[in-house]
Amino acid sequence: MLLERSVESAAQSPPLRLDDIPVPTPRPNETLVHVRVCGVCRTDLDLAEGRLIPPHYPVVPGHQVVGVVAACGREARGVVEGDRVGVAWIHSACGVCEWCRSGRENLCPYFRATGCDANGGYAEYLTVRADFAHPIPPELSDVVAAPLLCAGAIGWRSLRLTGLRDGEPLGLTGFGASGHLVLQLARARFARSNVYVFARSAVEREFARSLGATWAGDTTESPPEALAAVIDTTPAWKPVVAALRALRPGGRLVINAIRKASSDAGELATIDYARDLWMEREIKTVANVTRTDVREMLAFAATADIRPTVDEVPLEQANDALAWLGSGGAVRGARVLRVATA
């Protein structure tokens, strides 16, 4: 599925079209992956609707890719033909800058994103450097593994950046693909911590309770106790302001979003420093993921039985899947595109 140009809205004008493109040839150090499934992410919607601009058009979106190695270029190490691998948002980094050398390749100035800077998984084949192809544990099916590569990995990084300690209360603002995995992660890693979910719809709140949330309420509601940390996964500013007001002194808000809408940016003017930020409250953002995030998430999910709720649809329905994300309705779990069966 090709994105040829940004459009005003995926719901108003389907941005992707089916087309035949040549199978790419892996270069030295690269592997050719035959795609089986690809998860649908809100970042794909940002790309389709023009909030995220790729360096060139057309581009093939998709960065939650599970497939099988079909061929290897010269000097490609660590994988062989027939291996089942995942390809995540991090398509490559330079490996030599100060960020890469300090384990923060997600901040590399030469960071390239799958499905944006390089063609992604809404297609039968893609290429990626062999060292950026992630082995998929045998305990995880293709469809289950796909959302773990972004929604799960970014959730893993977000939870780590909260600095949460077992027993401290955690808040989750927004309850889509990433939120429902963070809840499972938090319950597995911080068994004594209460988890409070703020969601826009009754369906999402009930879904959160079914997965073990201590409490679930609307964004405007106050939780039963002040929170040590909040992870925000929404595309808006209003939940950010509400989350700050739910933090206890020394609490941290971690914003897990690649873009925020400008339509409600005026909400930021309502922040009162003394009430909402003073007492050493913090705001931290999440930028991209590292390979370590992806591989730790996959390994933990395999052993701790972390599983996304998934709705599988054929690749041909990619535009419908994007419209579903942008509809403003309740989102329950993740949606995954079936590209090939073998």
Side-chain angles (χ1 to χ4, degrees), residues 1-3 16 18-41 43-44 47 58-74 76-92 112-154 177 289 291 293-295 297-299 301-302 307-308 310-318 321 334-342:
M1 298 288 283
L2 286 175
L3 175 66
L16 305 181
L18 279 171
D19 200 358
D20 290 323
I21 59 176
V23 175
T25 300
R27 295 179 294 185
N29 299 318
E30 286 188 341
T31 181
L32 176 69
V33 177
H34 184 202
V35 179
R36 287 180 173 176
V37 298
C38 186
V40 179
C41 179
T43 303
D44 300 335
L47 188 74
V59 66
V60 179
H63 56 272
Q64 300 179 107
V65 187
V66 178
V68 175
V69 174
C72 293
R74 290 185 298 106
R77 296 182 175 89
V79 295
V80 296
E81 289 185 26
D83 282 354
R84 192 167 63 116
V85 298
V87 183
W89 176 247
I90 181 168
H91 192 267
S92 66
R112 298 182 74 233
T114 309
C116 182
D117 301 307
N119 282 340
Y122 287 22
E124 292 178 300
Y125 291 92
L126 62 74
T127 54
V128 67
R129 267 175 45 187
D131 52 337
F132 285 81
H134 310 285
I136 302 296
E139 296 89 347
L140 304 174
S141 70
D142 296 346
V143 173
V144 162
L148 301 177
L149 294 165
C150 180
I154 200 73
V289 291
R291 284 171 287 179
D293 296 323
V294 177
R295 295 183 183 192
M297 178 66 213
L298 289 170
R307 299 293 186 270
V310 176
D311 181 17
E312 181 183 331
V313 298
L315 174 64
E316 292 77 11
Q317 293 181 20
R335 190 155 288 188
V336 172
L337 302 175
R338 169 61 65 181
V339 180
T341 56

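Side chains are part of it too, since the values below use all heavy atoms of this structure and drop only hydrogens, waters and symmetry mates.
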(Q) Between Thr31 and Ala71 (side chain of the first, backbone of the second, donor and acceptor by atom type, cut-off under 3.5 Å), is there such a pair? (A) yes
Q.
Could you measure the distance from the CG atom of Asn29 to the CZ atom of Arg74? Nearest 0.5 Å is fine.
A. 8.5 Å
**Q.** Donor-acceptor contact present, side-chain Arg335 to main-chain Val40, <3.5 Å
**A.** no
**Q.** Closest approach of Leu47 to Cys116 (non-hydrogen atoms, all atoms of both residues)
**A.** CD1-SG, 4.0 Å
(Q) A side-chain contact here means heavy atoms from C-beta on lying under 4.5 Å apart; do Val80 and Cys72 qualify? (A) no
Q) In this structure, are over 12 heavy atoms from other groups packed under 6.0 Å from Glu124 atom CD? A) no
Q.
To check you understand the geometry: which heavy-atom pair defines the closest contact between Gly121 and Cys38, and what is its length?
A. O-CB, 3.4 Å
**Q.** Beyond-backbone contact of Leu298 with His134, side-chain heavy atoms, under 4.5 angstrom
**A.** yes
Q: State, with a plain yes or no, whether a side-chain heavy atom of Leu32 is found less than 4.5 Å away from one of Pro24.
A: yes
Q. Which is it for Leu18 and Glu316 under the side-chain contact (heavy atoms from CB on, under 4.5 Å) test, yes or no, and what are the steps along the way?
A. CA-CA 8 Å; Leu18 279 171; Glu316 292 77 11; 3.8 Å; yes
Q: For residues Val336 and Asp311, determine if any side-chain heavy atom of one lies less than 4.5 Å from a side-chain heavy atom of the other.
A: no
Q | Pairs touching residues 128-153 that satisfy salt bridge (Lys or Arg N to Asp or Glu O under 4.0 Å), sequence neighbours left out | A | Arg36-Asp142, Arg84-Asp142, Arg129-Asp131, Asp131-Arg291
Q. Side chains of Val59 and Asn119: closer than 4.5 Å at any heavy-atom pair?
A. yes
Q) So, does Gln64 use its side chain to make a donor-acceptor pair with the main chain of Ala151 at under 3.5 Å? A) yes
Q) At their closest point, which heavy atom of Tyr122 faces which heavy atom of Gly39, and how far apart are they? A) CE1-O, 4.0 Å
Q.
Has Arg338 got a side-chain atom pairing as donor or acceptor with Ala340's backbone, closer than 3.5 angstrom?
A. yes
Q | Nearest heavy-atom neighbours spanning Met1 and Ala318 | A | CE-CB, 4.0 Å
Q.
Less than 4.5 Å apart, side chain to side chain, heavy atoms only: is that true for His63 and Asp44?
A. yes
Q. Do Leu126 and Val87 touch side chain to side chain, with heavy atoms closer than 4.5 Å?
A. yes
Q | Least distance between heavy atoms, Leu149 atom then Ala88 atom | A | O-CB, 3.4 Å
**Q.** Partners passing side chain to side chain contact (heavy atoms under 4.5 Å, CB included) against Ala145 (at least two apart in sequence or in another chain)
**A.** Val66, Ile136, Leu140
**Q.** For Ala301 against Arg307, the heavy-atom pair lying closest together
**A.** O-NH1, 2.6 Å
